[in-house]
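Before any comments, here is the structure.
So that the names make sense, note that chain A is the first sequence line, chain B the second, and so on, each numbered from 1.
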Amino acid sequence: MAYSDKVIDHYNNPRNVGSFPKEAPGVGTGLVGAPECGDVMKLQIKVNVDTGLIEDARFKTFGCGSAIASSSLATEWLKGKSVDEAAKIKNTDIVNELKLPPVKIHCSVLAEDAIKAALADYRDKWGKKEAAAGAAAS
Amino acid sequence: MALKFPIFMDSHSTTPVDPRVLEAMLPYFTEKFGHPGSRNHPFGWEAEAAADKAREQVARLIGARDPKEVVFTSGGTEAINLAIKGVAEMYREKGTHIVTLAIEQRAGLDVCKRLERQGFQATYIPVGPDGLVDVEEIRKAITDKTILISVMFANNEIGTIQPVAEIGKLAKEKGIIFHTDATQAVGKIPVDVETMGIDLLSTTAHMIYGPKGVGALYVRRKNPRVRIAPILDGGGHERGMRSGTVPVPLVVGFGKAAEICGTVLAEEGARLRALRDKLQDKILSSLDEAYLNGHPEKRLPHNLNISFAYVEGESVLMGLNKEVALASGSACTSATLEPSYVIAALGVGSELAHSSIRFGLHRFTTEEEVEYVGDRTVQVVTRLREMSPLYELAKEGVDIKSIQWKAS
């Protein structure tokens with residue numbers, strides 16, 4: 001199977017590989033997939049609690065080249081977005097950008113799941129404090 | 001010597017044609033193009049003589065006493081189909097049960113599954129963690145309805161060599177026909193249908209530096225005389241077992257390839273084993289949690305199959321594929337999108353099946369290539385582990401199996 005240039009680029013030069021401490025302020029972590037299925041993605045966002053914007057993102061992926069590329073691309077797209085905007089990233093956007101063939105669509109689905117899981121974890125851990133901070137300010 | 005890229009190390013899928021083989025074949029395309037079935041002119045005689053010589057060369061490589069026992073086919077898949085279906089149809093009155101291995105090549109498994117849909121029964125014997133079958137398990141599976149034992153000689157993924165002679169003995173004792181798919185073994189390790197008690201043997205030319213598109217089924221003529229029903233109806237070529245014009249250039253190539261293998265087998269096996277061991281040592285001594293798949297000794301000398309925990313096989317291949325041609329048991333590299341059933345059958349867990357890489361050395365593999373491939377594999381796996389969440393968890397001391405994974 002031939003890979004698209006963008007998949008190859010992300011595979012060779014993955015963006016934002018790494019980890020944040022899970023309990024650091026504003027960090028949300030998503031861990032999706034399963035080892036026996038051959039794909040596991042860990043995706044993390046670091047949100048500025050004051051502005052509500054995603055300042056930074058990291059990923060680590062166990063999976064094929066397309067899975068690595070999908071998660072690498074996701075971290076690029078997440079940076080600078082608000083939490084609400086980030087929730088609008090769709091797997092089809094990733095498919096189109098990376099020109100993934102049909103057999104690799106599940107990689108993009110997993111990346112979307114990872115984004116959602118990271119956002120949910122962020123909301124769970126820090127959303128209340130954000131809301132509390134907002135209430136205190138008003 | 002400067003390395004030439006890409007390096008081919010996928011010799012369980014195919015091998016390059018040996019230049020001596022090609023040279024032997026060439027006259028049979030243009031000058032000596034006759035049909036071996038043409039009995040009344042020199043073109044036919046010449047073609048028949050060439051096919052007969054090839055038959056002898058193949059017979060000699062597998063220890064067949066009579067060249068007539070060699071039936072040419074289009075390749076290994078057809079030979080396997082002809083063997084199993086041919087016996088099933090011919091001996092249906094006698095019984096409808098087949099004993100085979102869970103790790104047979106696709107062709108063997110799929111033929112048995114088709115026969116099951118047609119009223120036959122098949123028992124798929126599991127293998128141990130080293131890929132070896134326990135002959136006692138075969139014995140226990142045999143019933144009074146068993147007409148065929150079909151066990152591969154050596155596995156195409158992990159290279160494990162089955163106790164063929166023991167199985168041949170058991171088959172003889174029980175009066176059951178014994179077929180072995182020897183596509184990976186013939187030409188690489190000693191194979192002898194007489195001393196090993198083999199009744200039917202499938203083989204193919206392109207695994208032994210011959211051309212693609214030709215193979216053979218050995219069909220025993222004496223002690224016992226094995227009869228098989230043909231799959232193809234037609235002119236009754238190949239003693240009625242395989243109709244269709246014998247592709248003379250291809251069989252000439254097959255014969256020459258077999259002859260060369262017979263001459264160099266011991267020396268080539270020793271050379272490749274030394275290179276393979278070097279590759280294995282390099283990789284296993286440089287990386288933690290890299291596991292050898294298959295039996296450490298009872299395996300093909302040119303085979304190496306390793307699972308690299310925490311990295312997925314296709315991503316390893318992708319890191320190497322401009323430089324080295326390899327294969328993986330990962331789901332992403334298979335047509336069925338399932339991880340290797342062979343590695344999974346070893347009981348190692350499917351995550352290690354996704355992580356398996358197969359190296360296949362061959363006649364033209366050099367020491368420089370082995371060194372290069374070893375170094376690059378270590379580099380690529382190391383890089384991928386740095387971006388693997390599983391490796392990170394393992395290094396933190398988390399038991400990956402304790403996590404509740406949610407498959408999407």
| field | Carboxylate-amine/guanidinium contact A:Lys42 B:Glu392, below 4.0 Å | value | yes
| query | Where on B:Arg385 is there a heavy atom nearer than 4.5 Å to chain A: the side chain, the backbone, both, or neither? | reply | neither
| said: According to side chain to side chain donor-acceptor pair (under 3.5 Å), who are the partners of A:Ser71, at least two apart in sequence or on a separate chain? | reply: A:Thr61
| request: Check whether any side-chain heavy atom of A:Pro14 sits under 4.5 Å from a side-chain heavy atom of B:Met387, and report yes or no. | output: yes
| Non-hydrogen side-chain atoms of B:Tyr310 and A:Val40 separated by less than 4.5 Å | no
| message | So, taking the atom named SG in A:Cys64 and the one named CG in B:Leu317, what distance separates them when rounded to the nearest 0.5 Å? | response | 11.0 Å
| Salt bridge or not for B:Lys401 and A:Glu36, using N-O below 4.0 Å? | no
| Is it the backbone or the side chain of B:Ser355 that comes under 4.5 Å from a heavy atom of chain A, or both, or neither? | side chain
| task | Find the one option among B:Glu312, B:Arg383, B:Met318, B:Glu386 whose heavy-atom pairs under 4.5 Å with chain A are most numerous. | result | B:Met318
| field | Residue list, side chain to side chain donor-acceptor pair (under 3.5 Å) with B:Asn305, at least two apart or on another chain | value | B:Asn293
| Taking it one step at a time, do A:Leu31 and B:Trp405 satisfy side-chain contact (heavy atoms from CB on, under 4.5 Å)? | CA-CA 9 Å; A:Leu31 183 66; B:Trp405 297 101; 3.8 Å; yes
| said: Within a 6.0 Å radius of atom CG on A:Asp5, are there more than 12 heavy atoms belonging to other residues, nucleotides or ligands? | reply: no
| remark: Of all heavy-atom pairs linking B:Ser315 and A:Gly63, the shortest is CB-O, 3.2 Å
| field | Chi angles and distances behind the side-chain contact (heavy atoms from CB on, under 4.5 Å) call for B:Ile400, A:Phe62 | value | CA-CA 13 Å; B:Ile400 287 166; A:Phe62 161 81; over 6 Å; no
| What distance do B:Glu351 atom CD and A:Cys37 atom SG have between them, rounded to the nearest 0.5 Å? | 10.5 Å
| Which bit of A:Val17 comes within less than 4.5 Å of chain B, counting heavy atoms only: side chain, backbone, both or neither? | side chain
| request: Just jot down the ring-ring contact (aromatic ring centres under 6.0 Å, His included) partners of B:Phe359, sequence neighbours excluded, or say none. | output: none
| Contacts with chain B made by residues 21-30 of chain A (heavy-atom distance under 4.5 Å), listed by residue number | none
| Do B:Leu384 and A:Tyr11 come within less than 4.5 Å of each other through their side chains, counting heavy atoms only? | yes
